[in-house]
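Order of appearance sets the numbers: ligands from 1, and atoms from 1 within every ligand. Values below: every heavy atom of this structure, side chains too, minus hydrogens, waters and symmetry copies. Keep in mind that this is a model prediction, so the values were computed, not measured. For the single chain, residues carry numbers from 1 onward in sequence order.
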Amino acid sequence: MTMKRELLTASALLLIVLGLPGAVFAYQAARVAVPGVRVVQIVGSAPAQGGWLPDSIRVYRGERIRLRIAASDVVHGLAVPGLDLEVEEILPGHVAEVEFTADKVGRFAFACTRWCGADHWRMRGVIEVVDPSNPGALAQAPAAHPPYSQLKLDLDAPRPPVTLPSSRPSAARGNALTPVLPKELSDRSWLRTHSPQDAFEVLRSSASTPGLSDDDLWDVVAAVWLDAAGPSTIARGAELYARDCAACHGESGRADGPAGRSLPGRAALYPGEKRGPVDFTDASRLFSASDALLQGKAFRGGMGTGMPEWGSLYSQEDLEAVVSYLRSFAFDYGRK
Ligand code: HEC
Ligand SMILES: [Cu+2]
């Protein structure tokens, strides 16, 4: 017993003797500039006050960079998805730091991740990593070929009409019907490139679903969509949606977010169409669009409608996740 206590005291002493100078050195190391590390200061303010300053940062490949980020007004967050960097919280009056090695050449968009005012989504900037042996050449972003451009989809074309269900299609009811599915509906790539209306039509003309009403078939379509996305993708999409989309499209997808109200919306493209964001519970619109098309809209943005582009910030996986989540506004996936 005493033996053990003595050992504990001795090791505590040892920790103090060794640990104290270590702590002091660490403190000093944090205060003097570390050779080989370039410090870049950024100050964030809500977009109406100027956004990020600077919003364009140029570094050389191979440099070790320390971002020192301050907030001048309210809480901001900063993410550089292409460099896998994120600072979740930048409190006014504090300095947040993050360090990285600029190991790949390119243009990497960054954005605020905290709701900081009506124009929050405009709070963006870019870090350009240039090749030190050819600094004059503009860094080339790796070309993105999202599915919609490979498929040559016209994102703004009028859509075919939808056979409207009488209520929100329920995945649970669809699963309970246990239909034998035509082969298209168990093919992921078919599902990604076709609309729910296309799937409905395949089911309706299939010999394997006799006796099912149109509403039953819609329930089956909801079940198929839920199954193809999977719960973890939808959960990831829900996080992205809450962070980046709900401000305009609304928490329940009904286009009633505070930042969306005064936007031109589709009226900017076609006179007579609705102003403001798209209502994701609107089956007559959402069921005639494929996931690839909706991902394309989110990738490219809305050509003067007020819908931001997300292609510079989102990976293809992010786009898939957020679109699989926004399907749950028109399909009942069993959430509250
Ligand atoms: C600043 C407000 C705003 C934000 C933030 C916003 N949107 Fe939009 N969104 C709009 C507006 C306005 C439209 C209508 C214009 C259009 O359809 O081209 C729209 C349309 C869309 C459409 C087209 C739907 C259709 O049927 O064609 C999709 C998909 C979409 N948004 C997805 C998203 C996603 C995903 C996010 C978050 C990552 C997001 N939006 C964030 C304003 C916004
Ligand atoms: Cu912000």
Side-chain angles (χ1 to χ4, degrees), residues 44-52 55 69 71-79 81 87-90 92 110-125 148 153-159 162 195-196 236-250 253 255-270 273-315 318-327 329-330:
S45 323
Q49 270 66 53
W52 298 113
D55 61 3
I69 315 156
S72 74
D73 47 7
V74 292
V75 181
H76 298 281
L78 185 142
V87 180
E88 280 180 13
E89 198 168 58
I90 305 154
F110 62 87
C112 178
T113 54
R114 290 293 189 97
W115 169 253
C116 56
D119 268 351
H120 150 76
W121 72 269
R122 287 186 193 278
M123 204 171 155
R124 295 187 177 183
Y148 89 89
L153 295 180
D154 177 354
L155 298 181
D156 303 307
R159 297 191 193 150
V162 169
S195 69
R236 165 85 183 129
E239 281 172 21
L240 293 170
Y241 185 88
R243 193 184 79 184
D244 295 333
C245 323
C248 289
H249 288 280
D256 53 1
R261 289 193 189 118
S262 56
L263 296 174
R266 300 191 43 74
L269 300 170
Y270 300 105
E273 286 218 35
K274 278 195 195 136
R275 290 181 56 84
V278 165
D279 176 351
F280 293 141
T281 67
D282 177 3
S284 69
R285 205 177 152 72
L286 269 288
F287 287 176
S288 53
S290 66
D291 285 10
L293 190 149
L294 297 176
Q295 289 160 21
K297 277 275 180 133
F299 181 97
R300 185 205 65 181
M303 320 292 270
T305 62
M307 165 68 185
E309 64 84 17
W310 299 94
S312 62
L313 292 165
Y314 274 34
S315 65
D318 292 339
L319 291 167
E320 282 168 19
V322 79
V323 165
S324 67
Y325 176 72
L326 67 80
R327 287 294 188 192
F329 295 122

Report yes or no: does a heavy atom of [X] sit under 4.0 Å from some atom of ligand 1?
X      : answer
Leu240 : no
Gly276 : yes
Tyr241 : no

Using a strict 4.0 Å cut-off to heavy atoms of [X], name the atoms of ligand 1 that fall inside it.
X      : result
Val322 : 35 (C)
Arg266 : 15 (C), 16 (C), 17 (O)
Leu263 : 1 (C), 2 (C)

**OP:** With sequence neighbours left out, write down each residue that passes ring pair (Phe, Tyr, Trp, His ring centres under 6.0 Å) with Phe280, or none if nothing qualifies.
**Re:** His249

Subject >> Note, Tyr325 side chain near Leu240 side chain (heavy atom, < 4.5 Å) >> reply: no

**OP:** Check whether any side-chain heavy atom of Gln295 sits under 4.5 Å from a side-chain heavy atom of Val322, and report yes or no.
**Re:** no

May I ask you to identify the nearest protein heavy atom to [atom], giving residue, atom name and distance to one decimal place in Å?
atom                    : result
atom 15 (C) of ligand 1 : Thr305 OG1, 3.3 Å
atom 29 (C) of ligand 1 : Leu294 O, 3.6 Å
atom 5 (C) of ligand 1  : Asp244 O, 3.3 Å

Original post:
Is it true that Arg327 and Asp291 have a side-chain N and a carboxylate O under 4.0 angstrom from each other?
Top reply: yes

Subject >> NZ/NE/NH1/NH2 to OD/OE distance under 4.0 Å, Asp119 and Arg122 >> reply: yes

Let me confirm one number: the [atom1]-[atom2] distance from [X] to [Y], rounded to the nearest 0.5 Å.
X      : Y      : atom1 : atom2 : answer
Glu89  : Ile69  : CD    : CD1   : 12.5 Å
Arg243 : Trp121 : CZ    : CH2   : 15.0 Å
Trp310 : Asp318 : CH2   : CG    : 11.0 Å
Leu293 : Arg159 : CG    : CZ    : 5.5 Å
Leu286 : Phe329 : CG    : CZ    : 10.0 Å

**OP:** Using 2.8 Å as the cut-off, note every protein N, O or S atom close to atom 8 (Fe) of ligand 1.
**Re:** His249 NE2, Met307 SD

**OP:** Could you please compute the angle at the Cu ion (ligand 2) from SG of Cys116 to O of Arg114, rounded to 10°?
**Re:** 100°

Original post:
When you look for heavy atoms under 4.0 Å from ligand 1, do you find them on the side chain of Arg243, its backbone, both, or neither?
Top reply: neither

Side-chain polar contacts of residues 257-269 - donor-acceptor pairs under 3.5 angstrom, sequence neighbours left out - could you list them?
unit_1: Arg261; atom_1: NH2; unit_2: Asp256; atom_2: O; d: 3.4
unit_1: Arg266; atom_1: NE; unit_2: Glu273; atom_2: OE1; d: 2.9
unit_1: Arg266; atom_1: NH2; unit_2: Glu273; atom_2: OE2; d: 3.3

Subject >> Heteroatom distance test (Arg285, ligand 1): nitrogen or oxygen, under 3.5 angstrom >> reply: yes

**OP:** Using distance alone, decide if ligand 1 has a nitrogen or oxygen within less than 3.5 Å of any nitrogen or oxygen in Arg159.
**Re:** yes

Distance-only donor-acceptor hits, side chain of residues 298-308, under 3.5 Å, sequence neighbours excluded:
unit_1: Arg300; atom_1: NH1; unit_2: Asp156; atom_2: OD2; d: 3.0
unit_1: Arg300; atom_1: NH2; unit_2: Asp156; atom_2: OD1; d: 3.1
unit_1: Arg300; atom_1: NH2; unit_2: Asp156; atom_2: OD2; d: 3.2
unit_1: Thr305; atom_1: OG1; unit_2: Gly302; atom_2: O; d: 2.9
unit_1: Thr305; atom_1: OG1; unit_2: Met307; atom_2: N; d: 3.2

